[in-house]
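Only heavy atoms go into these numbers, but all of them, side chains included; no hydrogens, no water, no symmetry mates. Reminder, nothing fancy here: chain letters follow the sequence lines and each chain counts from 1.
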Amino acid sequence: SVLIDELCKSGKLDDANRLLELMIERGVNPDTVTYTTLIDGLCLTGKINQAREIFDSMESKGCRHNVVSYNTLINGYCKNQNIDEATSLYQEMHSKGIKRTIVTYNTLFVGLFKMGMVESALNLFAEMQLNGVVPDSVIYTTFVDGLCKNGHVLKAVELFHAIRDCELELDVVTYSCLIDGLCKTGELDTAWELFHGLDHVGLKPNVVTYNIMIHGLCKEGQTDKANNLLLD
RNA sequence: CUACUGAUGA
């Protein structure tokens, strides 16, 4: 009956809801994981209000909220561009004594950058560090990407180099974000260098990295170079 | 045994 949860995730939300009713009828009680799975499914299809109803009803059904259920709903609000609700849940976590994780912070960063709230993201970053959460490569990627998409490609490049100088882990996604940002601001040559720099640090470009580079090249009319990329 | 976060394009 717990395997049911997974099926809910992939696709059919109506079926998931019917399944939920069925399991209750049969005397199998849903738990926090069950509800969180549903909430995630609802959020990602834009049904944030329905997700919220489930979230609010959980406690009365004996299912305690935990860090994952909060993170999931926060992500829902962020994806639906409702930073205010996301922030208020973030504060609620604290008052309920639920420890916020790196996922919590990254989710909020993504939401803030999407809303163009660069300052707020930086402030939250400071707050995160005060709370003893150490940034990882996902966090850095979010910042590199967020800075690029808010017109601060130079700052993204600076950050990128700073991370590298500290010998912190960077992965292919971080590179891809910066390459994309550079391509889209006409810095094709720098992007191209970075693309080839991947090999140098032992990383392999993946299909997304190639898509980004090829797209950038084609947009600048360098279709020959793009074609060559496909030939290795 | 199961739930949450980052990149491109169509």
Side chain of [X] only, heavy atoms from C-beta on: which candidate in [options] is closest?
{"X": "A:I212", "options": "B:rG6, B:rU5, B:rU8", "answer": "B:rU8"}
{"X": "A:K149", "options": "B:rG9, B:rA3, B:rA7", "answer": "B:rA7"}
{"X": "A:H215", "options": "B:rG9, B:rA3, B:rC4", "answer": "B:rG9"}
{"X": "A:V138", "options": "B:rA3, B:rU8, B:rU5", "answer": "B:rU5"}
{"X": "A:T72", "options": "B:rU8, B:rC4, B:rG6", "answer": "B:rC4"}
{"X": "A:N75", "options": "B:rU5, B:rG6, B:rU8", "answer": "B:rU5"}

What is the distance, rounded to the nearest whole Å, between atom [atom1] of [X] and atom [atom2] of [N]?
{"X": "A:I39", "N": "B:rU5", "atom1": "CD1", "atom2": "P", "result": "13 Å"}
{"X": "A:D136", "N": "B:rG6", "atom1": "CG", "atom2": "C1'", "result": "9 Å"}
{"X": "A:N206", "N": "B:rG9", "atom1": "CG", "atom2": "P", "result": "14 Å"}
{"X": "A:F109", "N": "B:rC4", "atom1": "CZ", "atom2": "P", "result": "20 Å"}
{"X": "A:D171", "N": "B:rU8", "atom1": "CG", "atom2": "P", "result": "14 Å"}
{"X": "A:L194", "N": "B:rA7", "atom1": "CG", "atom2": "P", "result": "18 Å"}
{"X": "A:Y210", "N": "B:rU8", "atom1": "OH", "atom2": "P", "result": "19 Å"}
{"X": "A:L217", "N": "B:rG9", "atom1": "CG", "atom2": "P", "result": "15 Å"}

Would you call A:K96-A:E59 a salt bridge at under 4.0 Å N-O?
yes
State whether the distance check finds a donor on one side and an acceptor on the other, under 3.5 Å, for side chain A:T142 versus base B:rG6.
no
Assign the ring pair A:W192 / A:H196 to parallel, tilted or perpendicular, where the plane angle (0 to 90°) is split at 30° and 60°.
perpendicular
Look at A:K79 and B:rG6 and indicate whether a side-chain polar atom (N or O) is within less than 4.0 Å of OP1 or OP2.
yes
Do you know which of A:I212, A:T190, A:V157, A:L159 makes side chain to side chain contact (heavy atoms under 4.5 Å, CB included) with A:L178?
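Exactly one pass, corresponding to A:V157.
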In Å, rounded to the nearest 0.5 Å, how long is the span from CD1 of A:I74 to CG of A:N82?
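Rounded to the nearest 0.5 Å, the CD1-CG separation comes out at 11.5 Å.
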